[in-house]
Amino acid sequence: MLSDERFHITERGKAILRYIAEHHFSGKPEAIKGYSIAIDVLGRPTSFDPSTDPIVRIELSRLRSALVQYYQAFGREKRIEIGLPKGHYILTFNRCRNRAVTRSGGDNGFYPGETESGYSAHKKWFIFIVSIIIPLVSIFSISLFSHGGIDTEKPVVVIDFKNDDSVSNHESETVRDTIVNAVNNFNTLILKINNGVAHNPNESIPAFLIRMKYRTEGDTHYLSWRIKDSSKNEIIGSGVEQVSAADLTHNQIEQYLASELSYKIAASNGIINTRLVNENNLAVFGNSCVVKAEINLANGLPLSEDEHCLERTLKIRPTDSDAMAALARVLISNTGDIPDLEKSERSLRLAHKAAILAPASDRVLFSLMQTHLIAGHIDLALRKGERGIALNPNNRELKSAVALAYFTNGNWGQAHRLLADDERRFKTLPVTGQLVLLLDALRRGNRQEAKLRADGLPVHANRIVGFHLATLTRTMPPSAKTELQKQVRVTPEVFETMAANLAQQKCPC
């Protein structure tokens with residue numbers, strides 16, 4: 001059911017249904033409470049109070065409605081109807097009442113002369129068991145044999161947050177919640193809040209434990225952190241974030257710490273996802289394909305293997321919005337100097353389909369922005385990009401791409417403002433952001449700054465630089481292009497430090 005595109009439910013709803021089903025089939029349905037759903041599935045803190053936060057009731061109501069609508073529309077195709085009684089966290093399995101007639105001699109779905117009351121119990125159980133086993137066997141067979149790979153899921157991350165006596169519990173909780181929200185906004189991890197949960201050896205999804213401790217000394221706030229790969233019992237990252245409270249509000253302090261740490265933890269090229277991608281040497285599909293593609297897109301690395309991996313993922317998971325969004329971006333990046341109309345159109349369709357499935361995902365909005373930019377829909381691209389930043393202001397790759405879109409539209413000031421604060425705080429920017437500031441320096445005629453920025457581009461950046469310059473040429477308004485060309489022509493030596501293939505790009509150089 002979860003893989004059926006006709007089952008219209010949010011990712012949250014799917015996660016809740018999967019969670020309830022897992023407890024049901026493990027024989028522990030009584031272990032499910034509204035509190036456990038809020039903590040384990042919806043990522044709420046341990047201080048969750050259902051009397052003030054109705055999220056569980058809202059999501060369960062939506063799930064029940066989705067189940068009813070699904071079986072009303074497609075129940076004739078199904079033998080078993082899954083239900084979720086109101087007021088309970090258990091699943092029910094009933095024979096579909098509106099089952100289609102499949103045999104002659106009766107309109108009730110039974111063999112001729114047979115009635116529902118006389119239908120043998122063992123046949124009912126046989127049908128039920130077969131209806132469960134066959135799809136599972138089919139999925140396993142397709143995954144293992146047809147595609148020759150291992151499915152990979154988003155990693156589970158447990159946060160253990162503490163504070164010392166220098167900080168009140170209330171202040172500590174607000175900092176913790178701000179960080180948790182910032183990490184959640186990346187949509188790359190399955191986040192849980194707990195106090196030191198050991199990895200379950202029977203759990204196939206990688207688990208990471210992040211310990212954080214918050215303290216203050218005078219006007220300085222410190223947040224020490226350590227990431228442990230629980231499956232291997234290894235520390236894979238640690239550090240201390242600090243910020244001076246001078247001239248900053250408490251909210252600004254929270255946002256600063258959350259911005260610093262969430263990017264390191266949850267970005268596609270952050271510590272956890274980089275670890276998983278580097279360790280997956282086997283043929284895989286699923287989440288690892290998405291993350292690897294996003295890393296290679298950000299760094300301008302070859303994408304042919306990523307395209308194949310994402311295509312394979314969507315054959316197995318046809319409603320995976322993250323894979324759709326990543327493939328849309330990969331397709332337009334693989335078109336080369338001459339736009340491939342077929343690939344561009346398909347990328348736009350994929351991005352729009354992903355938006356239907358996950359309209360509040362910054363990953364999806366990133367793909368919508370880039371596909372519309374390539375199509376020349378600059379204003380629409382900017383709106384999608386700004387919406388993505390509003391959802392996840394700590395996604396630096398997205399922010400750099402939006403700055404490029406502004407630059408493409410001749411809005412130089414807005415492009416520079418988007419990146420200036422990040423450059424001041426984080427010292428380095430994604431390759432796309434560095435390119436925007438380089439081009440802006442050229443536009444302003446500051447040859448020395450442009451030369452320094454060109455020298456600072458990483459050695460592997462030639463491909464992504466060429467792609468963006470080609471995009472600028474195709475989509476820039478004539479007036480903006482003319483102004484940039486004027487400055488580039490008088491400073492050609494700047495581009496000598498870029499890769500040799502820039503000479504072959506259709507760029508304003």
Side-chain angles (χ1 to χ4, degrees), residues 187 268 290 293-294 296-298 300 303 306-307 310 314 320-393 395-412 414-415 418-419 430-433 435-436 439 464-481 484 505-508:
N187 295 304
S268 294
V290 175
E294 289 175 339
N296 289 342
L297 281 163
L303 296 164
D306 299 310
E307 183 175 342
L310 290 166
L314 287 174
D320 188 325
S321 60
D322 290 339
M324 289 178 194
L327 181 57
R329 294 177 59 202
V330 166
L331 286 174
I332 58 174
S333 297
N334 272 345
T335 57
D337 298 346
I338 302 174
D340 185 321
L341 183 59
E342 184 177 346
K343 280 192 172 184
S344 297
E345 289 179 347
R346 187 185 173 213
S347 68
L348 197 55
R349 289 196 302 271
L350 282 167
H352 278 287
K353 187 175 181 181
I356 293 172
L357 295 167
S361 165
D362 64 320
R363 285 171 147 176
V364 170
L365 287 159
F366 198 161
S367 73
L368 276 172
M369 184 204 69
Q370 290 201 315
T371 51
H372 279 296
L373 184 62
I374 291 296
H377 311 148
I378 297 177
D379 289 340
L380 182 56
L382 287 170
R383 291 199 297 273
K384 299 299 181 184
E386 287 288 4
R387 169 66 175 154
I389 292 175
L391 289 169
N392 186 7
N395 188 333
R396 299 178 200 170
E397 280 73 24
L398 173 57
K399 194 177 291 185
S400 292
V402 174
L404 178 67
Y406 273 117
F407 195 88
T408 302
N409 203 29
N411 196 332
W412 326 112
Q414 183 63 15
L418 265 177
L419 300 174
V431 174
T432 303
L435 174 62
V436 171
L439 292 173
I464 193 170
V465 169
F467 167 72
H468 286 320
L469 289 176
T471 302
L472 282 168
T473 303
R474 292 199 299 269
T475 58
M476 238 184 189
S479 58
K481 192 186 302 183
L484 183 60
Q505 299 289 341
K506 295 183 177 181
C507 64

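This structure is a prediction, so every number in the text was calculated from the model and none was measured.
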Are the side chains of [X] and [Y] in touch, meaning some heavy atoms are under 4.5 Å apart?
X    : Y    : result
R383 : L380 : yes
L398 : N392 : no
L368 : R387 : no
V290 : L310 : yes
E386 : Q414 : yes

Between [atom1] on residue [X] and [atom2] on residue [Y], distance to nearest 0.5 Å:
X    : Y    : atom1 : atom2 : answer
S347 : Q370 : OG    : CD    : 10.0 Å
T432 : L404 : OG1   : CG    : 6.5 Å
L365 : I389 : CG    : CD1   : 10.5 Å
N395 : E294 : CG    : CD    : 8.5 Å
R349 : T371 : CZ    : OG1   : 11.5 Å

For a quick test of reading the model, state the closest non-hydrogen atom pair linking [X] to [Y] and the distance between them.
X    : Y    : answer
S333 : L303 : CB-CD1, 3.6 Å
A415 : V436 : CB-CG1, 4.2 Å
A326 : A293 : CB-CB, 4.5 Å
A325 : V364 : CB-CA, 3.9 Å
V330 : E307 : CG1-CB, 3.8 Å
A405 : I378 : O-CG2, 4.2 Å

| task | Please test D320 against L357 for side chain to side chain contact (heavy atoms under 4.5 Å, CB included), starting from the C-alpha separation and ending with a verdict. | result | CA-CA 8 Å; D320 188 325; L357 295 167; over 6 Å; no

| request: Begin from the C-alpha positions of L327 and L314 and carry the test side chain to side chain contact (heavy atoms under 4.5 Å, CB included) through to its verdict. | output: CA-CA 9 Å; L327 181 57; L314 287 174; 3.7 Å; yes

| message | Using the rule side-chain contact (heavy atoms from CB on, under 4.5 Å), only one of L418, L435, L439 pairs with F407; which is it? | response | L439

| query | What class does the angle between the rings of H372 and H352 fall in, given that below 30° is parallel, 30 to 60° is tilted and above 60° is perpendicular? | reply | perpendicular

| message | For N187 and D322: C-alpha separation, side-chain torsions, deciding distance, then whether side chain to side chain donor-acceptor pair (under 3.5 Å) applies. | response | CA-CA 9 Å; N187 295 304; D322 290 339; over 6 Å; no

| message | Pair S268, E397 - check side chain to side chain contact (heavy atoms under 4.5 Å, CB included), show working. | response | CA-CA 10 Å; S268 294; E397 280 73 24; over 6 Å; no

